[in-house]
Amino acid sequence: MDVGAMVGGIAALVVGVLGWTQSRATNRRSDFQTITDRLDAEVKEERTQRKLLTRAYLDLWGWARKVGPDTPAGPAPDPPVDLDMTPWKL
């Protein structure tokens, strides 16, 4: 076998492997960025929902403090419109 052909083949193989690993690293960085962006959005939404849920609990607690066990009361306050209660609905 010709030494030049072997060297050329090995060089082509090394370049191919390096190109493949570089593209995999780029894909991993892109996937990581996509995942972190999605998690950031989910955390932001969860914080908003927690604030609204806390406000609803505080409103309900304030209503319960005003209304005693023998006091005729109207209906309890409604939760905020933006509050997503679907996880707790049956």
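Heavy atoms only: backbone and side chains are in, while hydrogens, waters and symmetry mates are out.
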In terms of side-chain geometry, is the basic nitrogen of D59 or R55 positioned less than 4.0 Å from the acidic oxygen of its partner?
yes
Spatial distance of atom CD1 (I35) from atom CG (D40) [nearest 0.5 Å]:
12.0 Å
Interatomic distance, L52 atom CG to R47 atom CZ [nearest 0.5 angstrom]:
14.5 Å
